[in-house]
Amino acid sequence: MSIETIIQKATIEAVKTLYGAEVTENQVQVQNTRKEVSGDITIVVFPFLRLSRKSPELTAEDLGTYLVEKVDMVDSYSVIKGFLNLEISRNYWLDILMESYTYDNFGIAEPGDDSKLVMVEYSSPNTNKPLHLGHIRNNLLGYSISEIVKANGNKVVKTNIVNDRGIHICKSMYAWQQWGNGETPESSSMKGDHLVGKYYVEFDKHYKAEIAELVEKGTSKEDAENQAPSIIAARELLRKWEAKDEATIELWKKMNSWVYSGFDVTYKTLGVDFDKIYYESDTYIVGRDEVLRGLAEKIFYQKEDNSVWADLSGDGLDQKILLRSDGTSVYMTQDIGTAKMRFNDYTIDKMVYVVGNEQNYHFQVLANLLDKLGYSWGKDLYHFSYGMVELPSGKMKSREGTVVDADDLVEGMITVARDMSAELGKLDSLTGKEAEDTFRMIALGALKYFILKVDPRKNMMFNPEESIDFNGNTGPFIQYTYARIKSVLRKAAEKDIVINEKIAVQDISAKEKELLKRISLFPAAVQEAGVNYSPAIIANYCYELVKEFNQFYHDHFILGEADADIMNFRLVLATSVGKVIQKGMNLLGIEMPERM
RNA sequence: GCCUUGGUAGCUCAGUUGGAUAGAGCAACUGCCUUCUAAGCAGUAGGUCAUGGGUUCGAAUCCCGUCCAGGGUACCA
């Protein structure tokens, strides 16, 4: 039980004993004491004034006296206005330290046999273009959320739905046929996904030009968009694909395989992976059958032009198309099929979709449709709705080439990490490969932390003109602190200093206590991150912890300390901080270098 | 139009179920490396928490209005 909970329960008792009144846990506000004030835990007494019929100060005195007497861990108290500040005994903090030092899973709940199975869908790329910064945010959030959910005692299946069919890939296919001259990743030395993306852009260029030409000849813009030769050709390819035309399927497979090999490299670089991959080309058929079943069971209805619709107006939503008049599937159709297949494949307790907030409405509708189709889990799906990454120029658009390419960005970051290390004269002692690994670790640490430290629900700004920081509230700052701790521990080992698990210090400094308090908050941070689906909570926790450690490190010697007990205590403290940092950052998918 | 999300320092962001004097980093300016890594530490400066009301002992936080911005809104995913 955490100290907050203990104090909370004791306070409820106190109020009952002293004033004969029942209060609920919500009414007892327990918080960490402000730094400028002495004390560790603070209770806000204002809510009890009505019960005590006394002034805030006297009420606080009553409670303070009671708590000091009844709760072992409370040493003393002080009162400032309506705030009761409790001093928690040193032994409590030292116990926490021992727990974090000896227990490898401190703060982490291991999944057991009766754990819930949570499936997390993330990434979900289209196969007609390479990944960009927006996808990076999705991938990092998806991976991190999976780890956080796992750390809260759940089993997790990470899944990816690959949108491998549809008009978008046909556009790239057509452009490659027309203007590709048989170019391949090998012949062009281009990464497969970039090559296919090049033809997607190429398509759009020609398409726009054709529209402009038609409009000049007097066609309306809307008609021109439908009559341009390129789009007609792309649609023809889609029709042939659905008719299983051999040559078209062949081309589709070839170009998709290029994209996949490209994605694999990017996924590997980002350090994300999946337990199960679904392909839209499989799931849309299942979805179509489900819609037709719904039609037969009169859950849905058909219009005169043969299109199939759901009427959701009774649920505050609109009419939603599920099959087009020509019988082909839409986005929603495929998601219904994918959901069905997943729940057939796994015993899923909770489904989490990591998809951008532009699709909030889509998931509201999906939950409703699955429910109508008789799937009890439908309405409980959770749409992890994250914000867009914006550029100073606005939204990223692949078609128009106004994107920050994922591979380029990572490559650029590694270069910065390498240059910076050289400039600082770091890592000169490492061999080429070790050094390169570290540069990669630092670069990705900077990128991942930059993305994950912000509240996932909010839009965030990225300015390509300014490089991502390596100083201050950043991934490398945290990695650096970890490397410092490792360095101290290496030196201790060199001096044959053996760390003793028994702590025997008489006094601890204010800085040391602050650090212990921070460590004690780790389990709560992991839980809170799980409840709120927020890697940012972990990121900010790690930053606060590391900042605290650096202050301690600056003010106190560890190996230079003359008193053996104090040195031992500080070694245990540093080790624990290192462990917590590593565990926390691991939840974000950020690796920690031994030296930097 | 309707639905929805947001607006906190020059910039990028924190800010717990409403609590004490609204916090970090970057950028600017000052100090601190002959002792464990200066990718660090300490300090200065920078705020009408978009705006006007309301609720309350207490509001960046809750409610209402207004302004601004993003997203969605029946055959794009």
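The structure displayed is predicted, hence computed values, not measured ones.
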- prompt: Just checking, is any N or O donor in the side chain of A/Y207 or A/E225 under 3.5 Å from an acceptor N or O on the other one?
  reply: no
Phosphate-side-chain proximity, A/K491 and B/rU37, N/O vs OP1/OP2 below 4.0 Å: yes
Exercise. What nucleic acid atoms does A/I537 come within less than 4.0 Å of, heavy atoms only: base, sugar-phosphate, or nothing?
Worked result: nothing
Look at all strands and tell whether A/N85 reaches a base, only sugar-phosphate, or nothing, counting heavy atoms closer than 4.0 Å.
base
*Under 4.0 angstrom, heavy atoms only, what part of the nucleic acid is A/M388 near: base, sugar-phosphate, or nothing?*
nothing
When rounded to whole Å, the CG to P distance for the pair A/N32 and B/rG19 reads 13 Å
Rounded P spacing from B/rU17 to B/rC36 in Å: 44 Å
*What is the nucleic acid contact for A/E358, judged by heavy atoms within less than 4.0 Å: base, sugar-phosphate only, or nothing?*
sugar-phosphate
In short, salt bridge (charged side-chain N to carboxylate O under 4.0 Å, His left out) pairs touching residues 301-321 of chain A with sequence neighbours left out are A/D315-A/K372
Exercise. Is it the case that A/Q8 and A/T5 place a side-chain donor and acceptor less than 3.5 Å from each other?
Worked result: no
Residues passing the salt bridge (charged side-chain N to carboxylate O under 4.0 Å, His left out) test with A/R235, sequence neighbours excluded, are none
Exercise for the section: Please confirm whether any donor atom in the side chain of A/T42 sits under 3.5 Å from an acceptor in the base of B/rA20, or the reverse. Expected result: yes
Separation of B/rU37 atom P from A/H556 atom NE2, nearest Å, is 17 Å
- Query: Contact class for A/R595 (heavy atom, under 4.0 Å): base, sugar-phosphate, or nothing?
  - Reply: base
| field | Under 4.0 angstrom between A/R34 side-chain N/O and B/rG23 OP1 or OP2 | value | yes
What one should report as the nearest heavy-atom pair of A/N357 and A/R457 is ND2-O, 4.2 Å
Taking every heavy atom of A/F450 against every heavy atom of A/M461, the minimum-distance pair comes out as CZ-O, 3.9 Å
- Query: Hey, are A/D335 and A/H362 close enough side-chain-wise for a donor-acceptor pair under 3.5 Å?
  - Reply: yes
* Asked: Is the shortest side-chain N/O distance from A/N471 to OP1 or OP2 of B/rG40 below 4.0 Å?
  -> yes
Quick note, A/V454 side chain, CB onward, closest among B/rA14, B/rA38, B/rC75 is B/rA14
TODO: Check every strand shown and say whether A/F557 touches a base, only sugar-phosphate, or nothing at a heavy-atom separation below 4.0 Å.
DONE: base
Have a look at A/Q359 and say if it touches a base, only the backbone sugar-phosphate, or nothing, with a 4.0 Å heavy-atom cut-off. base
What's A/S385 touching, base or sugar-phosphate or nothing? Going by heavy atoms closer than 4.0 Å. nothing
Rounded to whole Å, CD1 of A/I485 lies from P of B/rG40 at a distance of 15 Å
Stems with RNA chain B, 3 or more Watson-Crick or G-U pairs in a row (under 3.5 Å), are B:1-7 with B:67-73, B:10-13 with B:23-26, B:28-32 with B:40-44, B:50-54 with B:62-66
If you measure from the C1' atom in B/rG71 to the same atom in B/rC76, how many Å do you get, rounded? 16 Å
| query | Looking at B/rC26, does its base get a donor-acceptor pair with the side chain of A/N473 below 3.5 Å? | reply | no
Review point. Looking for any heavy atom pair under 4.0 Å, which part of the strands does A/D555 touch: base, sugar-phosphate only, or nothing?
Key: nothing
chi for B/rC33 classified (syn = within 90 degrees of 0, anti otherwise) as syn
Using a cut-off of 4.0 Å on non-hydrogen atoms, how would the nucleic acid contact of A/K547 be classed: base, sugar-phosphate, or nothing? sugar-phosphate
| task | Taking only the side-chain nitrogens and oxygens of A/K426, find out if one of them lies under 4.0 Å from OP1 or OP2 of B/rA39. | result | yes
When we call it a touch if two heavy atoms are under 4.0 Å apart, what does A/S421 touch: a base, just sugar-phosphate, or nothing? base
- So, is A/K458 near the phosphate of B/rA14, with a side-chain N or O under 4.0 Å from OP1 or OP2? yes
Rounded to whole Å, CE of A/M396 lies from P of B/rG70 at a distance of 16 Å
In whole angstroms, the gap separating C1' of B/rC41 from NE2 of A/H554 amounts to 4 Å
- Query: So what does A/Y543 hit on the nucleic acid, given a heavy-atom distance under 4.0 Å: a base, only sugar-phosphate, or nothing?
  - Reply: sugar-phosphate
Q: Give A/Y331 one of three labels, base, sugar-phosphate or nothing, depending on what nucleic acid heavy atoms sit under 4.0 Å from its own.
A: base
Answer with base, sugar-phosphate or nothing: what part of the nucleic acid does A/Q29 contact at a heavy-atom distance below 4.0 Å?
base
From CD of A/E544 across to C1' of B/rC13 the rounded distance in Å is 13 Å
Between CD of A/Q479 and P of B/rU37 the distance, given in whole Å, is 18 Å
ask   = Between the side chains of A/N306 and A/S325, does any donor sit under 3.5 Å from an acceptor?
value = no
